[in-house]
Amino acid sequence: MDLIFVHGALVRDGEWWWRPTARLLEERTGIRSRALALPSCGEQHEGARGLVADAAALRRALDDVDRAVVVGHSYGGTVITEAGHHPAIAHLVLISSYLPEVGTTQASILADEPDPVAIAPVGDGSLALDGYDEAAFGARFLQDGTPEQQREAFARLARQHVESFVTPTTQAGWQGVDSTYLVCADDRSTTPALQRTHAARATRAMELPTGHHPFLTRPDLVAEAVAELAG
């Protein structure tokens with residue numbers, strides 16, 4: 001069984017974000033995993049750079065494996081949704097993520113939040129977080145992390161192509177697939193209320209007492225949940 005991690009929006013270096021959980025999984029179960037590089041965040045070089053390109057990158061990764069658990073964080077769930085059904089997918093894990101219906105954009109999902117994360121154009125068709133210094137970023141996105149984690153995470157912020165946010169989904173890859181949603185109950189980025197709305201579309205859900213990035217701050221909890229599915 002393979003495990004593929006799809007990171008969220010406006011960041012790069014998925015391997016770093018996923019590393020604490022990946023190490024625990026390998027130590028405890030022997031399961032090895034990898035993180036998908038997203039073209040929309042400049043991590044792969046190809047013509048398209050938005051949601052369509054990210055979904056295509058995930059499908060290519062799935063083409064190379066027999067069976068996989070796919071873990072999506074935040075925007076990663078939208079990528080999984082657009083990637084559609086693939087015979088290699090055995091299970092989906094969504095962490096503070098989204099299971100959008102066909103025709104939904106990432107921007108419309110975020111617009112439903114009472115205090116949506118501020119993003120702004122930065123030229124070349126890209127968007128970036130707007131108005132966050134390292135302290136503000138840490139307080140909102142990683143308040144349960146260490147100062148080192150907050151610093152390293154802030155250094156991995158990235159521009160992302162606007163088409164990731166305004167392209168409507170054309171498929172609902174989560175439908176008809178066994179899935180587990182991990183609600184981050186102390187999340188200050190994606191409200192628990194919005195998470196629970198999307199979690200209701202999953203096969204099952206469980207709540208973690210964490211902020212937006214539990215695979216960094218509580219890798220033990222995430223590894224335990226994933227190991228039960230991938231074992």
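Only a predicted model underlies this, so the values are computations on that prediction, with no experimental measurement involved.
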Check whether the ring centres of Y181 and H198 lie less than 6.0 Å apart, and answer yes or no.
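Between H198 and Y181, which both carry aromatic rings, the centre distance is not below 6.0 Å.
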Establish, yes or no, whether a centroid distance under 6.0 Å links the rings of Y132 and F141.
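Centroid separation for Y132 and F141: below 6.0 Å.
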Check [X] against [Y] and note the closest heavy-atom contact, atom names and distance.
X    : Y    : answer
D178 : R204 : OD1-NH2, 3.0 Å
D54  : P39  : OD1-CD, 3.0 Å
L10  : A128 : CD2-CA, 3.9 Å
D144 : G211 : OD2-N, 2.8 Å
Q160 : S40  : NE2-OG, 2.8 Å
A227 : I31  : CA-CD1, 4.5 Å

Taking [X] first and then [Y], would you say they form a salt bridge - that is, a charged N and a carboxylate O separated by under 4.0 Å?
X    : Y    : value
E224 : R28  : no
R19  : E15  : no
D124 : R159 : yes
E26  : R32  : yes
D115 : R140 : yes

Return yes if some donor-acceptor pair links the side-chain N/O of [X] with the main-chain N/O of [Y] below 3.5 Å, else return no.
X    : Y    : result
T167 : S164 : no
Q143 : R188 : no
T203 : S179 : yes

Does the side chain of [X] reach to within under 4.5 Å of the side chain of [Y], using non-hydrogen atoms?
X    : Y    : answer
V6   : V71  : no
S126 : R49  : yes
I4   : L58  : yes
L25  : W18  : yes
I95  : C184 : yes
W174 : V177 : no
F215 : L221 : no
L182 : P214 : no

Working for side-chain contact (heavy atoms from CB on, under 4.5 Å), residues L51 and Q106:
CA-CA 9 Å; L51 175 62; Q106 187 67 37; over 6 Å; no
For [X] and [Y], does a side-chain donor sit closer than 3.5 Å to a side-chain acceptor?
X    : Y    : answer
Q195 : T190 : no
H91  : T180 : yes
D187 : S96  : yes

Derivation and outcome, side-chain contact (heavy atoms from CB on, under 4.5 Å), residues V122 and L127
CA-CA 6 Å; V122 289; L127 303 173; 5.8 Å; no
Intermediate values then yes/no, salt bridge (charged side-chain N to carboxylate O under 4.0 Å, His left out), R23 and E27
CA-CA 6 Å; R23 286 175 174 168; E27 290 171 2; over 6 Å; no
One pair to check against side-chain hydrogen bond (donor to acceptor under 3.5 Å, both in side chains): E82 and T169. What are the steps and the verdict?
CA-CA 6 Å; E82 180 61 18; T169 54; 5.0 Å; no
When W17 is tested against each of H212, H213, H7 for ring-ring contact (aromatic ring centres under 6.0 Å, His included), which residue passes?
H213
Can you measure from [atom1] ([X]) to [atom2] ([Y]) and round to the nearest 0.5 angstrom?
X    : Y    : atom1 : atom2 : answer
R59  : I80  : CZ    : CD1   : 13.0 Å
D186 : L208 : CG    : CG    : 10.0 Å
Q175 : R201 : CD    : CZ    : 9.0 Å
L99  : T78  : CG    : OG1   : 8.5 Å
R67  : L62  : CZ    : CG    : 11.0 Å
S97  : H73  : OG    : NE2   : 7.5 Å

Verify the cluster assignment for [X] and [Y]: are they in a single hydrophobic cluster under the rule of side-chain heavy atoms below 4.5 Å apart?
X    : Y    : value
L36  : V52  : no
V11  : F137 : yes
V93  : F5   : yes
L194 : V183 : no
V166 : L129 : yes

Is the number of heavy atoms from other residues, nucleotides or ligands within 6.0 Å of CG (D66) greater than 12?
no
Please walk me through it: do T191 and E113 pass side-chain hydrogen bond (donor to acceptor under 3.5 Å, both in side chains)?
CA-CA 7 Å; T191 60; E113 291 281 65; 2.7 Å; yes
Run the side-chain contact (heavy atoms from CB on, under 4.5 Å) check on Y75 and L38 step by step: do they pass?
CA-CA 11 Å; Y75 165 77; L38 296 183; 4.1 Å; yes
Full working for side-chain contact (heavy atoms from CB on, under 4.5 Å) between Q171 and T81
CA-CA 6 Å; Q171 303 189 72; T81 295; 5.8 Å; no
Working for side-chain hydrogen bond (donor to acceptor under 3.5 Å, both in side chains), residues T105 and S108:
CA-CA 5 Å; T105 67; S108 68; 3.2 Å; yes
